[in-house]
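Throughout, numbering of the chain's residues begins at 1 and tracks the sequence. In each ligand, atom 1 is the first atom listed, and ligand 1 is the first ligand listed. All values reported here derive from a predicted model rather than from experimental measurement.
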Amino acid sequence: MTSGDLRKKYIEFFKKRGHKEIPSASLVPEHDPTVLFTTAGMHSLVPYLLGEKHPMGKRLVNVQKCIRTDDIEEVGDNRHLTFFEMLGNWSLDGYFKNEAITWSWEFLVDKKEGLGLAPEKIFVSAFEGDSDAPRDEEPIKIWSELFKKSGIDAKVDVPLSGGGRIFTYDKSKNFWGPAGMTGPCGPNSEMFYDTDKPHNPAFGKICHPNCDCGRFIEIWNDVFMEYNKTAGGKYVLLKQKNVDTGMGTERTLAILNGFDSVYETDVLAPIVAKIKDQIPKTKTTAHKSKTEEIKSIRIIADHTRASVFMISDGIMPSNIERGYILRRLLRRAIRHGRMLKMPENFLAPLIEVVINIYKENYSDLNRNKTKILNEIKKEEGKFEKTLEAGMREFKKIEWVGVADEALPKRGSFAGHAEPQISGKVAFNLYQTYGFPIELTLELAKEQGRLVDISGFQKELRKHQELSRTAAAGKFKGGLSDQGEQAVKYHTATHLLLAALRKVLGEHIYQRGSNITAERLRFDFSHPEKMTKEQIQKVEDLVNEQIQKNLSVSFAEMALEDAKRLGATHSTSSGSPRGIRGAMGIFETKYGERVKVYAIGDEKTGIFSREICGGPHAANTGILGKFKIQKEEASSSGVRRIKAVLE
Ligand code: SER
């Protein structure tokens, strides 16, 4: 089965059951300050999970592209990836546990409409309960009955050898969300496929579905979102019950085809083949074993694919936030390329392959091809220049000191008093040779050495840079809690775009937006620096609309009608913004219904019309005073405004 077959089958299955297909959201979550990347389908749907009405109804189905970097160390094994596609069906205050689980089961085992997997190969889990939320009995009951109908006596929480088939776990395994620190969440029920591989006792005495030995592969997760986690850490019942399911495309494909790894599926195998093609036959690689070589090949394949999608969604290599993650992925791929003795610019042919695989489902990739090729080539060139010198420097490092209190207590270095790379040296590698700190860590780890990370961070701070190596801790609250303030900024962003278009012209489109409870940041297409007068004009125009206390309302309509009304729309796919951009991503979904937010009415005149999911302030009068703090270049042809509401 190919990825195309699987996507089609999934979408058709749920369409037949009343679901409407929605397009994949960007990898850059818009209006959600709590995360760097879209890690699951729920990010773009948070307002609807909290009660906003979705224009397409209560049952949705989608294929969402996702980036997850928490498992980056595992990439290279048979199943972990930083980029993947998730198939999902959604219920927004509609059906709940019974339908969700029954349909999951049908899709997995039905031979005609579904995947036709053998029921005896499926194992499932449920939430065991704790002081925040009770044991989730309903899924256990539903699963027992479904298995029974297939002639399987599914025992609960007994070892596999005793007929165990339904297993309960704690929050770390069977509770999903919130996507940030706060927001919608709930217990989940996961489905695993038994590959029948022998258990590896290195991972524990006995095997069970969540054992990491590799015998069981998790393929699908049904989340029952019935709670909202508040800033105080409490789990309160949501006013509505939601279902969020996510099935990993690559893993499911591997299982259906009897492959040993996700790298054999049609979305990765051609990339792997192109890498192998380029490994010089006459040179020996830097690796000691075939296994290490395979790992390098897989890392390159995964990281390149992720980078292509990231750049297409508007992310550029840099030293902060998303750009830093992208740079890290690219540089890691380049280093592994070096170890395989790949020729210079070896990434370019891989990019072509990635785009070829996905061009039908993500038309923005082709549109952004030149940009993707250029950015990756630039980064490759930049890093290649210093990589060799950096590696020489690394080899010369004098190992100083021993592990101290400041070093991590967990992980493979815990408790070891090994010589370490000082913070200064790690910083020098970063500053002079462009080694992301994770690369230094990886190289050190290969030699069983330590890195003084806190020393590195001190150096970094000294050089007045913010270390943003991880999303964690970056934003204190979630969107849902910062609620009120974030909502005001959201409405102010619409006013700003409309004002910019009035002052600068119709060529202005949104190229990115990021809101916190403290400020808005808005990227837009414009070839030159704004003059002082233009900035003042825009600011005044926004404040005028605030003073007029315009009403904010929305209407649901067909995309074609929104276009006729001249509504603007933001996408992050790097395509020209405005409705043309929207047409880009929606083009295969004819008849798409969208929500159009209007600021102002017939009487006052409509100042802004934008396609947007909301939520928004009811009136502009509550926004406060709008002040532009900064106008600067963001990337070529794109300007960035930072503004606050006082
Ligand atoms: N959000 C859940 C997951 O990512 C289900 O979609 O597993």
Side-chain angles (χ1 to χ4, degrees), residues 6-7 10-11 13-14 19 21-25 27 29 32 34-50 54 59-71 74 79-92 94-97 99-101 103-105 107-108 124-127 133 136 139 169-193 209-210 216-229 238 241-252 255 262 471 478-480:
L6 176 60
R7 276 192 210 109
Y10 189 92
I11 301 284
F13 182 92
F14 284 100
H19 294 66
E21 187 182 357
I22 55 166
S24 173
L27 286 174
D32 186 348
T34 64
V35 283
L36 281 182
F37 294 105
T38 296
T39 60
M42 72 170 286
H43 293 297
S44 61
L45 292 170
V46 167
Y48 309 106
L49 296 166
L50 290 170
H54 195 288
R59 294 182 183 187
L60 309 173
V61 59
N62 64 352
V63 185
Q64 176 62 50
K65 49 186 169 175
C66 302
I67 291 274
R68 287 188 194 172
T69 49
D70 20 337
D71 288 331
E74 259 72 54
R79 61 189 186 280
H80 285 96
L81 298 162
T82 58
F83 172 90
F84 63 98
E85 286 185 294
M86 195 146 72
L87 302 157
N89 55 289
W90 303 82
S91 162
L92 305 166
Y95 63 82
F96 206 41
K97 296 176 189 178
E99 291 90 334
I101 292 176
W103 286 336
S104 289
W105 177 250
F107 186 71
L108 288 175
V124 300
S125 67
F127 179 52
D136 206 10
Y169 295 94
D170 66 11
K171 235 200 215 95
S172 67
K173 300 281 181 212
N174 274 95
F175 204 89
W176 175 267
M181 310 276 279
T182 59
C185 55
N188 62 6
S189 178
E190 294 186 315
M191 289 143 265
F192 300 80
Y193 186 81
N210 263 313
F216 289 96
I217 309 279
E218 182 213 320
I219 48 173
W220 203 351
N221 183 12
D222 286 1
V223 186
F224 313 114
M225 289 199 172
E226 44 188 333
Y227 295 98
N228 186 21
K229 188 179 176 192
L238 278 171
K241 303 225 179 297
N242 308 297
V243 171
D244 153 14
T245 93
M247 171 182 255
T249 309
E250 291 83 352
R251 287 184 181 187
T252 307
I255 281 159
V262 291
L479 184 64
S480 52

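Here the heavy atom of the protein found nearest to atom 7 (O) of ligand 1 is Asn221 ND2, 2.9 Å. For atom 4 (O) of ligand 1, the nearest non-hydrogen atom of the protein is Arg68 NH2, 2.8 Å. For atom 6 (O) of ligand 1, the nearest protein heavy atom (residue, atom name, distance) is Asp244 OD1, 2.6 Å.
Between the side chain of Asn242 and the backbone N or O of Leu49, at least one donor-acceptor pair lies under 3.5 Å.
The ring-ring contact (aromatic ring centres under 6.0 Å, His included) with His19 is formed by just one residue from the set Trp90, Tyr10, Trp103; it is Trp103.
In terms of polar-atom proximity, Trp176 is counted as a contact of ligand 1, with an N or O under 3.5 Å from an N or O of the ligand. Checking only distances, Met86 never comes within under 3.5 Å of ligand 1, N or O to N or O.
Pro184 approaches Asn228 most closely through the heavy-atom pair N-OD1, 3.6 Å. Closest approach of Pro178 to Cys185, counting heavy atoms only: N-CB, 3.6 Å. Counting all heavy atoms, side chain and backbone alike, Gly41 lies closest to Gln64 at CA-CG, 3.8 Å.
Residue contact check: Val223 has heavy atoms under 4.0 Å from atoms 2 (C), 5 (C) of ligand 1. Ligand-side atoms of ligand 1 in range of Thr245: 5 (C), 6 (O), range being under 4.0 angstrom from any heavy atom. Counting the atoms of ligand 1 from 1 in the order shown, those under 4.0 Å from a heavy atom of Gly246 are 5 (C), 6 (O). Taking a cut-off of under 4.0 Å to the non-hydrogen atoms of Ala40, the atoms of ligand 1 that pass are 1 (N), 4 (O).
With a 4.0 Å cut-off on non-hydrogen atoms, Asn188 does not touch ligand 1 at all.
Side-chain atoms of Asn89 and Thr245 include a donor-acceptor pair closer than 3.5 Å.
Contact check on Glu21 versus Arg7 returns no salt bridge, with no Lys/Arg side-chain nitrogen under 4.0 Å from an Asp/Glu carboxylate oxygen.
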